[in-house]
2 protein chains.
Amino acid sequence: MKRVTVHDVAAEAKVSLATVDRVLNARPGVKAATIERVHAAVEKIGFTRDQHAANLAKRREYRICFLLPSGDSAFMQELRAEVESSVSVERQQRTFIKVRDILPFNGVSLVDALDAISAEEFTGVVFIATDAPQVKQAIKRLADRGVIPITLISDIPSSARAHFVGIDNTAAGRTAGSLLGRFVYPAGGKVAVIVGSMLLRDHVDRRLGFEQVIRTEFPGITLVPSMESNDDNTVAEKIVDELLVEHPDLLGIYNIGAAKQGLLASLKRHKRDGQVRVVAHDLTDDSKEALRGGAFDAIIHQDPPHQVRSAIRLVRAYADGRSFLESQERIRIDIFLRDNMPD
Amino acid sequence: MKRVTVHDVAAEAKVSLATVDRVLNARPGVKAATIERVHAAVEKIGFTRDQHAANLAKRREYRICFLLPSGDSAFMQELRAEVESSVSVERQQRTFIKVRDILPFNGVSLVDALDAISAEEFTGVVFIATDAPQVKQAIKRLADRGVIPITLISDIPSSARAHFVGIDNTAAGRTAGSLLGRFVYPAGGKVAVIVGSMLLRDHVDRRLGFEQVIRTEFPGITLVPSMESNDDNTVAEKIVDELLVEHPDLLGIYNIGAAKQGLLASLKRHKRDGQVRVVAHDLTDDSKEALRGGAFDAIIHQDPPHQVRSAIRLVRAYADGRSFLESQERIRIDIFLRDNMPD
DNA sequence: AGATACATGATTTACGTACCTCATTATATA
DNA sequence: TATATAATGAGGTACGTAAATCATGTATCT
């Protein structure tokens with residue numbers, strides 16, 4: 001059971017090793033007929049290139065830059081921790097990862113960071129896109145310089161980014177709507193939405209999907225006009241306070257952004273936790289605790305470790321012009337209840 | 001920016017290459033003090049062994065055998081398809097995969113298959129465990145022969161298997177209970193459970209978890225005694241027919257096994273699809289269709305591609321005595337609604 | 001026919017680690 | 001002190017592919 005190597009292919013096709021190499025690596029200077037012969041030989045003896053040997057010989061290296069907001073939301077912290085812990089793992093596969101900080105909610109800072117990256121320095125850049133024309137242009141410049149741009153969490157669909165790693169946020173909103181709708185149905189009644197910022201595309205999309213579903217499928221439910229927390233706990237707490245006072249019959253809340261602590265604090269103070277059905281985003285320590293205690297009913301989640309690994313694999317795949325497994329790179333819209341929480 | 005190699009470690013530690021090699025590969029014949037020096041040097045200059053070069057030099061090969069039931073449930077078919085499609089991908093990483101058929105629901109067939117495997121032939125075996133003492137003993141013999149046993153989907157916890165790849169089925173049952181409970185609550189009323197076979201540990205566990213949650217958290221809900229479909233559509237259809245006739249006020253069904261077509265057929269014939277809330281297992285073409293049409297409300301799922309990849313990675317990790325990323329190998333209990341279905 | 005471009009062969013080096021052999025030096029044991 | 005044993009060094013080969021160089025053969029064109 002010896003391994004099938006390029007030498008065997010050469011023998012089988014009755015050509016030299018050099019020609020096999022030319023064919024396999026799509027180098028010029030080989031007749032079409034010869035190319036065919038080599039391919040036939042590959043098929044016949046079942047040759048597959050040894051990835052380890054190939055990578056070693058190619059002495060390929062991948063340098064990836066992650067641009068992460070210096071904000072301190074639990075979700076971002078987990079993402080950052082995941083990136084940092086992948087540094088040593090990925091180094092074994094010749095992938096060198098650097099993290100650069102940018103200011104959160106700040107398009108200019110992102111544009112500056114993108115413009116500061118050269119193809120000599122980095123193979124690809126992974127970042128959370130802010131939906132602004134300047135960012136779009138910066139992505140274009142980046143791609144033109146030969147750096148692979150990968151958007152994470154939040155996308156700019158019509159930009160020059162090679163790939164988006166993240167969930168379909170409209171679908172996530174619809175999912176939240178389906179859940180919360182069923183939870184408060186058939187009683188019917190009022191449901192409120194709290195967004196982080198209407199400037200973030202993912203938040204906007206989530207709200208859109210949520211309202212779609214509620215309006216079309218749960219006609220018994222009334223939507224209370226949504227408010228912006230700016231992902232700030234103090235603001236969120238005030239919003240919920242007012243909400244609970246003004247609508248004592250409130251049945252459910254969909255919390256689109258971060259600032260879950262503020263929401264929880266208000267619910268608890270009004271002794272409405274466990275009564276009002278809550279669907280929120282991102283499985284963090286806070287929300288796990290709230291799920292356990294019954295204050296939250298469901299969490300919509302996108303797995304940070306998976307997203308980080310996926311982004312890294314995608315940079316390598318695009319750099320090599322390789323294809324990749326669609327199914328492995330699709331980020332799922334995870335639903336967590338108390339009972340299917342990890343740990 | 002040159003790569004840090006073993007040579008650099010040798011220079012830094014002021015020892016020969018041979019000694020560095022002895023230390024890194026834990027070979028005997030090195031003083032404790034010298035080992036320390038080498039480790040210190042590794043730390044200082046940040047050396048990480050190049051996996052590609054290492055694997056190449058080691059000329060390591062992994063041979064993995066998947067034992068799959070020849071049954072034709074959609075879930076098993078997807079699993080099998082995934083294994084087969086991974087053959088060519090994994091070959092590039094020197095992993096050779098073979099599939100062997102065994103009879104479904106048949107412990108003897110599994111035991112025979114396990115006993116027929118030698119360490120010369122295979123590095124590891126991946127199989128769906130049937131919970132029987134004979135199987136447990138066969139696993140022990142297998143492990144003693146030096147083959148790595150990995151259980152998939154269904155486990156025997158106290159056996160000699162190296163690892164279990166799959167979900168916690170009690171938790172899956174609880175998850176189903178939480179969902180269905182909330183869906184039919186606060187109306188209260190009757191909910192029925194249909195199992196595939198009480199001989200399968202995963203089915204038993206699911207029912208257990210489901211009943212736990214319903215009993216403790218949704219006291220308004222009455223559980224209709226559960227019945228066995230043996231994963232047969234004709235049987236399942238008959239069961240549901242009787243159920244719907246006997247309990248016209250039935251609010252929900254938890255379908256634990258396969259045989260979803262029978263369930264659907266009966267519901268449709270009685271024009272109760274969309275009325276009765278249904279939670280079932282495994283996202284297949286049938287259940288996707290049913291989710292879309294509103295006949296099913298939620299599907300509890302375990303991702304076959306992920307499980308196959310995980311099993312393969314685990315065989316390699318155990319074979320090399322390496323550690324692995326817990327988080328990457330944990331199989332999630334996925335919840336799918338119409339709105340977060342893939343595709 | 002001679003120049004020219006194209007197609008192919010023959011051969012070599014490099015990648016970074018594993019692993020083997022043989023020689024040499026340091027340390028412990030009798 | 002002689003001898004056994006442990007610890008280390010020096011050096012080489014192999015793994016399978018990539019990539020380069022130089023030589024040689026063949027067809028094409030004016």
Side-chain angles (χ1 to χ4, degrees), chain A residues 1-39 41-42 45-62 90-96 319-322, chain B residues 1-39 41-42 45-62 90-96 319-322:
Chain A
M1 271 296 211
K2 276 209 56 63
R3 197 160 204 300
V4 179
T5 75
V6 278
H7 294 85
D8 303 316
V9 176
E12 176 67 32
K14 300 207 175 71
V15 295
S16 75
L17 211 58
T19 299
V20 172
D21 180 67
R22 288 180 185 114
V23 173
L24 289 182
N25 296 291
R27 276 185 261 278
V30 188
K31 269 199 299 192
T34 314
I35 294 180
E36 240 339 287
R37 279 234 308 291
V38 172
H39 281 148
V42 166
I45 63 179
F47 166 80
T48 349
R49 148 206 273 124
D50 184 320
Q51 201 123 84
H52 301 301
N55 283 331
L56 181 58
K58 267 200 289 238
R59 63 210 85 167
R60 196 159 197 8
E61 283 188 359
Y62 310 89
E90 297 298 336
R91 197 167 44 182
Q92 298 182 24
Q93 335 235 18
R94 307 180 157 214
T95 304
F96 302 94
D320 297 349
R322 271 188 293 111
Chain B
M1 271 294 215
K2 274 209 60 63
R3 203 169 196 300
V4 179
T5 75
V6 278
H7 294 84
D8 303 315
V9 175
E12 176 68 31
K14 296 204 177 73
V15 296
S16 73
L17 211 58
T19 299
V20 172
D21 179 67
R22 288 178 186 116
V23 173
L24 290 182
N25 298 290
R27 275 186 260 278
V30 187
K31 270 198 299 192
T34 313
I35 294 180
E36 242 336 288
R37 279 234 308 290
V38 173
H39 281 148
V42 166
I45 63 179
F47 165 80
T48 347
R49 151 205 271 123
D50 182 320
Q51 201 123 81
H52 301 301
N55 283 333
L56 181 59
K58 267 199 288 237
R59 63 208 87 166
R60 197 161 196 7
E61 284 189 0
Y62 310 88
E90 297 297 336
R91 198 167 44 182
Q92 298 181 22
Q93 335 235 19
R94 306 179 158 214
T95 305
F96 302 94
D320 297 349
R322 271 189 292 112

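In what follows, chains carry the letters A, B, and so on, assigned in the order in which the sequence lines appear, proteins first and then strands, with residues in each chain numbered from 1.
- A:Arg60 comes within 4.0 angstrom of nothing in the nucleic acid, heavy atoms only.
- For the atom pair B:Thr5 OG1 and B:Leu17 CG, the distance stands at 8.0 Å (nearest 0.5 Å).
- Closest to the side chain of B:Arg94, out of D:dC15, C:dT17, C:dA10, is D:dC15.
- Atom NZ of B:Lys31 is separated from atom C1' of D:dG9 by 14 Å (rounded to the nearest Å).
- For residues 21-28 of chain B, proximity to DNA chain D is found at B:Arg22, defined as any non-hydrogen atom under 4.0 angstrom from a strand atom.
- In this entry the distance linking CG of B:Leu56 with P of C:dA18 reads 11 Å, nearest Å.
- Taking atom CD of A:Glu61 as the reference point, atom P of C:dC15 lies 12 Å away to the nearest angstrom.
- Nucleic acid contact for A:Ala18: base, since at least one base atom lies under 4.0 Å from a heavy atom of the residue.
- When the nucleotides C:dG9, C:dT17, D:dG16 are ranked by their closest atom to the side chain of A:Asp50, D:dG16 comes out on top.
- Remark: B:Thr34 is in phosphate contact with D:dT8, judged by side-chain N or O atoms under 4.0 Å from OP1 or OP2.
- Between C:dT17, C:dA18, C:dC15, one nucleotide has an atom nearer to the side chain of B:Lys58 than all others, and that is C:dA18.
- The backbone N or O of A:Ala13 sits less than 3.5 Å from a side-chain atom of A:Arg37, completing a donor-acceptor pair.
- Side chain of A:Thr34 to main chain of A:Ala32: no donor-acceptor pair is present (N/O by atom type, distance under 3.5 Å, no hydrogens or angles).
- The CG atom of B:Leu17 sits 10 Å away from the C1' atom of D:dG11 (whole-angstrom rounding).
- When the nucleotides C:dA14, D:dT17, C:dT17 are ranked by their closest atom to the side chain of A:Val6, D:dT17 comes out on top.
- Distance CZ (A:Arg37) to C1' (C:dA7): 12 Å, rounded to an integer number of Å.
- Here the CD-CD distance, from A:Gln51 to B:Glu90, works out to 10.0 Å after rounding to the nearest 0.5 Å.
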Query raised in the report: So A:Arg3 and A:Asp8, salt bridge (Lys or Arg N to Asp or Glu O under 4.0 Å) or not? Walk me through it.
Result: CA-CA 9 Å; A:Arg3 197 160 204 300; A:Asp8 303 316; over 6 Å; no
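- Side-chain proximity of B:Ala57 to D:dA10, D:dT17, D:dC15: nearest is D:dC15.
- Not one side-chain nitrogen or oxygen of A:Thr19 sits closer than 4.0 Å to the OP1 or OP2 atom of C:dT8.
- One distance of note links CD of A:Gln92 with CZ of B:Arg49; it measures 8.0 Å at 0.5 Å rounding.
- Within the 4.0 angstrom heavy-atom criterion, no nucleotide atom of any strand lies near A:His52.
- Both B:Lys14 and A:Val4 lie near DNA chain D, and the one whose nearest nucleotide falls closer to the 5' end is B:Lys14.
- Among A:Asp50, A:Thr48, A:Ile45, A:Val42, the one residue that satisfies the side chain to side chain contact (heavy atoms under 4.5 Å, CB included) test with A:Val4 is A:Ile45.
- Side-chain N/O atoms of B:Arg49 include one lying less than 4.0 angstrom from OP1 or OP2 on C:dA18.
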